[in-house]
Amino acid sequence: TCRKLALWTNASADDDGCAVFWRVSTLVAEQIEFLPFQDVIKKYSGAVRVTLRRRCDGASFCVVCTHLSSGDKAADEAARLCELEARAPEAPSLLDWLAQSVAAMPTLFCLDANSSPERTEERTVWKVLRGLPGVHSVWDDAFDPDGTNRGSSHPVTTNKMRGPLSDQPAKIGQHAYGLIDHIFFSKPFALRRHACRPTMYASQAAACTSLLPSLGVPSDHTPVIVDLALPRRSRHTWLALAAAAVAVAVVVAVARPH
């Protein structure tokens, strides 16, 4: 629908999108929101936020999804930080939106950041997101909050090289290699495991023998699939909510004029 409604001003422009899917037998969507934001050249992108409720116990959580702009230069990283922090009139920034979600309920933030933890700038997308209070990453075993590699592993999520028929001639022959796809989460979510084993290579040179896309991975990104645990709401929580509801009903009944 979005593509049908779009106003095409540049036929060569990317029309990447983001979406959130859920299993309807397990989860109920309580609210779906959309936040537009601009980059440094005033081009609009967007983020999706879905509030989901688990059917078995009523536990609610948010899922936020977006896609930041690409590029390896320092100016490109500055542009991505602008996308996170810029505020439109009467609207929060993407970073504010995420912080609001984290403060309100357990939150997942899934994104193609086009930015790796190891970038050397003083401020990076990884440092800003990982520095939010209470926020963790599925890559915490590999990288510290400041982006330092822990040394035990070096996962990557993209390993591609554009050929001569690419629509982006400036990037032909460049080896795009790094960890740029992320899932951040707030408590009480807890990472159980990577359901899809992270991709790792002996070196960047060795990775050139297994470029993406491939028959095994028909995309220029490997999937990031994890199992996250969200504790069940206890019976005591339900009793407390029921007691609160009864108390409110009693107050309303007493306060109602005769």
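No hydrogens, no waters, no symmetry mates; every other heavy atom, side chains included, goes into these values. What you see is a predicted model, and the numbers here were worked out from it, not measured in a lab.
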Looking at every non-hydrogen atom in both residues, tell me the closest pair between [X] and [Y] and how far apart they are.
X    : Y    : answer
P92  : D96  : CB-CB, 3.8 Å
I32  : W22  : CD1-CH2, 4.0 Å
G163 : I172 : O-CG1, 3.3 Å
A113 : V125 : CB-CG1, 4.2 Å
A142 : N149 : O-ND2, 3.1 Å
C62  : T51  : SG-OG1, 3.5 Å

With distance as the sole test, does [X] use its side chain to make a donor-acceptor pair with the main-chain N or O of [Y] at under 3.5 Å?
X    : Y    : answer
S214 : S210 : no
T107 : S101 : yes
H194 : V138 : yes
D57  : R233 : yes
R192 : V226 : no
S70  : L68  : no
D227 : L191 : no
S186 : G134 : no
K127 : P145 : no

Using side-chain heavy atoms (C-beta onward) and a distance below 4.5 Å, is [X] in contact with [Y]?
X    : Y    : value
Y177 : T158 : no
V63  : L52  : yes
F189 : I183 : no
V102 : L132 : no
L179 : F143 : yes
P213 : S219 : no
N114 : R80  : yes
L27  : R53  : no

Pair S115-E77, side chain to side chain donor-acceptor pair (under 3.5 Å): steps then yes or no: CA-CA 7 Å; S115 179; E77 186 72 357; 2.8 Å; yes
Partners meeting side chain to side chain donor-acceptor pair (under 3.5 Å) with [X] (sequence neighbours left out):
X    : result
E118 : H154
S116 : none
D72  : none

Audit row: H67, L111, side chain to side chain contact (heavy atoms under 4.5 Å, CB included) steps and yes/no: CA-CA 5 Å; H67 190 161; L111 75 160; over 6 Å; no
Return the [atom1] to [atom2] distance between [X] and [Y], rounded to the nearest 0.5 Å.
X    : Y    : atom1 : atom2 : value
E122 : D146 : CD    : CG    : 12.5 Å
L95  : Q100 : CG    : CD    : 10.5 Å
T66  : L35  : OG1   : CG    : 8.5 Å
S137 : L129 : OG    : CG    : 9.5 Å
T222 : M200 : OG1   : CE    : 10.5 Å
R87  : S93  : CZ    : OG    : 4.5 Å

R232, CZ: over 12 other non-hydrogen atoms inside 6.0 angstrom: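 At most 12 heavy atoms, drawn from other residues, nucleotides or ligands, come within 6.0 Å of this atom.
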Over 12 foreign heavy atoms within 6.0 Å of CZ, F34: yes
Ring centroid separation F185 to F109 under 6.0 Å: no
Please tell me whether [X] and [Y] have a donor and an acceptor in their side chains that are separated by less than 3.5 angstrom.
X    : Y    : result
S69  : E83  : yes
S60  : E30  : yes
R54  : T26  : no
D181 : T157 : yes

For R130, all residues meeting salt bridge (Lys or Arg N to Asp or Glu O under 4.0 Å), sequence neighbours excluded: D140
F184: ring pair (Phe, Tyr, Trp, His ring centres under 6.0 Å) partners, not counting sequence neighbours: W126, H182
Side chain to side chain donor-acceptor pair (under 3.5 Å) contacts in which one or both residues fall within residues 195-204, not counting sequence neighbours: N159-Y201, H175-Q204
Applying the 4.5 Å side-chain criterion to the ILVMFWY set and letting contacts propagate, would [X] and [Y] be lumped into a single cluster?
X    : Y    : result
V24  : V48  : yes
L212 : V224 : no
I180 : V64  : no

Note: D144-R150 ion pair, threshold 4.0 Å (strictly below):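 So D144 pairs with R150 through a salt bridge.
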Basic-acidic side-chain contact under 4.0 Å: R123, E121: no
